[in-house]
J.: 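Before I ask anything, let me first share the structure, which is written out below as structure tokens.
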2 protein chains.
Amino acid sequence: MLEEEKAPKVRMGDIAKAAGISRQALYLHFPTRAELLVATARFLDEVNGADAKFASCSEARTGRERLDAFIQAWGGYIPEIYGVGHALLAMQDTDEAARAAWEDRMQAVRSGCRSAVEMLDSDGALCSELTAERAVDLLWTLLSVRNWEQLTQACGWSQAEYVREMQALAQRALIRTQS
Amino acid sequence: MLEEEKAPKVRMGDIAKAAGISRQALYLHFPTRAELLVATARFLDEVNGADAKFASCSEARTGRERLDAFIQAWGGYIPEIYGVGHALLAMQDTDEAARAAWEDRMQAVRSGCRSAVEMLDSDGALCSELTAERAVDLLWTLLSVRNWEQLTQACGWSQAEYVREMQALAQRALIRTQS
DNA sequence: ATGTCAACTTTACACAGTGTCAAGCAAAGG
DNA sequence: CCTTTGCTTGACACTGTGTAAAGTTGACAT
């Protein structure tokens, strides 16, 4: 349901109905809407084998390979959690639990960015205008779910285009030009 | 009030109280919360001389100058409308008027991006890996309010750093490397 | 002085969605 | 047979938006 266009408008009652139980029964399983969404996100991670996808990144031997692999993995992962993510993002301002849950996931992405940047740095491949920390900030921002949303939704990019262009952009943005 | 941290939580009653009138009187002036916010945005544009700031971009003689000038102008403009913008963004999913109003403003930004990219292109300075359209998509996304928010809030960049880094990034991202 | 109009006030209410609470029912299992 | 578990139904509190109606106040016109 969350993937069907209007994620934030899926109400507790809708979910209950779809599950074939009463709205109240839903509250016997999940204390709040936020926690239901968070649990859904965790469930999706498990089902989709999220860990495995990201594990393959650490096999990369150069920083550049790692950067590409990470963008591929994360970029391919976004659409799978976008439904839940969107719903969670929509309640950031009103719900502390939702904020914390999302923040947590984003910090995980950030540490993925950091790994790639550090590997680039130790290869001596990091763009000379950037410190490692600043490069992490930039990459992390480039790869935000909102940016994916804008590019694939508003700009009409396909998933494959997104990954390809983002890899190319990240290289121009972060990697020292050979000279 | 909108600039004070928790923009989306400013309610009609809060505004009325601050204005020294009753909540109902507010509805005599603005039919809905969304329209009040939109009117506020327009008002801020006027007060801050938004047009003038962007007009100076078109004086640039090279694409690169124009790119820098546009990022400077828009980047400097974001903090001025961020309060209202944030409140408007927060109600995108629930309020069609808010969505349309924001979309409208963002299309204006996009056309600023397009002007800069086209000038770069006609200078022959556009990165060879990019079509003009794709460059516009990228620049527009790079300069999103959400990205500004993430970099200045979550990453702790100062306004000056944001502008400087964004100009540098845009150059690496869009401009053909001299070779 | 009287009338009228505009801007506002107070009070009340409809509506949506979340979350709480309490009483009851039905099937499973010692 | 009795208890527990998982549910059901129904009612309700709360928040915030927006609507509606009746009353007040001051300015200004005749």
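Below, chains carry the letters A, B, ... as their sequence lines are ordered, and counting in each starts from 1. The structure displayed is predicted, hence computed values, not measured ones.
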J.: Does B:R114 qualify as a cation-pi partner of B:W140, given the criterion of NZ or CZ under 6.0 Å from the six-membered ring centre and within 45 degrees of its axis?
T.: no

J.: Can you figure out which of D:dC7, D:dT17, C:dT9 approaches the side chain of B:R11 most closely?
T.: D:dT17

J.: Which one, C:dT18, D:dG18, D:dT8, comes nearest to the side chain of A:L28?
T.: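 The closest nucleotide is D:dT8.
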
J.: Quickly work out the B:I15 CD1 to D:dG18 C1' distance and round it to whole Å.
T.: 14 Å

J.: Take the protein atom CE of A:M91 and the nucleotide atom C1' of C:dG17, then report the distance between them rounded to whole Å.
T.: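 One finds 11 Å between C1' of C:dG17 and CE of A:M91, rounded.
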
J.: Output, in order, the C-alpha distance, side-chain angles, deciding distance and verdict of side-chain hydrogen bond (donor to acceptor under 3.5 Å, both in side chains) for B:W148 and B:Q159.
T.: CA-CA 9 Å; B:W148 177 87; B:Q159 178 61 24; 3.0 Å; yes

J.: Is the shortest heavy-atom distance from the side chain of B:L142 to the side chain of A:L169 under 4.5 Å?
T.: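 They are in contact (side-chain heavy atoms under 4.5 Å apart), so the answer is yes.
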
J.: Would you say B:E161 and B:L151 make side-chain contact, with heavy atoms under 4.5 Å?
T.: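 Heavy-atom side-chain distance check fails, nothing below 4.5 Å.
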
J.: Between atom NZ in B:K17 and atom C1' in D:dG16, what is the gap in whole Å?
T.: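 Rounding to the nearest Å, NZ of B:K17 and C1' of D:dG16 are 14 Å apart.
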
J.: Considering only side-chain heavy atoms of B:Q24, which listed nucleotide, C:dG19, C:dT9, D:dT19, is closest?
T.: D:dT19

J.: Side chain of B:A25, heavy atoms from C-beta onward: which of C:dT20, C:dT9, D:dC7 has the nearest atom to it?
T.: C:dT9

J.: In this structure, how many angstroms lie between the P atom of D:dT17 and the CE atom of B:M12, rounded?
T.: 7 Å

J.: Nearest 0.5 Å, what's the CZ-CZ distance between B:R172 and A:R176?
T.: 11.5 Å

J.: Is it the case that the base of C:dG17 and the side chain of A:R23 share a donor-acceptor contact (distance under 3.5 Å, atom types as modelled)?
T.: no

J.: Take the protein atom CG of B:L26 and the nucleotide atom P of D:dG18, then report the distance between them rounded to whole Å.
T.: 10 Å

J.: Could you tell me the separation between the CG atom of B:D95 and the P atom of D:dT17, rounded to a whole number of Å?
T.: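 Rounding to the nearest Å, CG of B:D95 and P of D:dT17 are 11 Å apart.
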
J.: Go through C:dT9, D:dT17, D:dC7 for me and flag the one nearest to the A:I21 side chain.
T.: D:dC7

J.: Atom CZ of A:F30 to atom P of C:dT20: distance rounded to whole Å?
T.: 15 Å

J.: Please state how far atom CG in B:L36 lies from atom C1' in D:dG18, giving the value in whole angstrom units.
T.: 14 Å

J.: Quick check on C:dA7: is either OP1 or OP2 less than 4.0 Å from any side-chain nitrogen or oxygen of B:H29?
T.: no

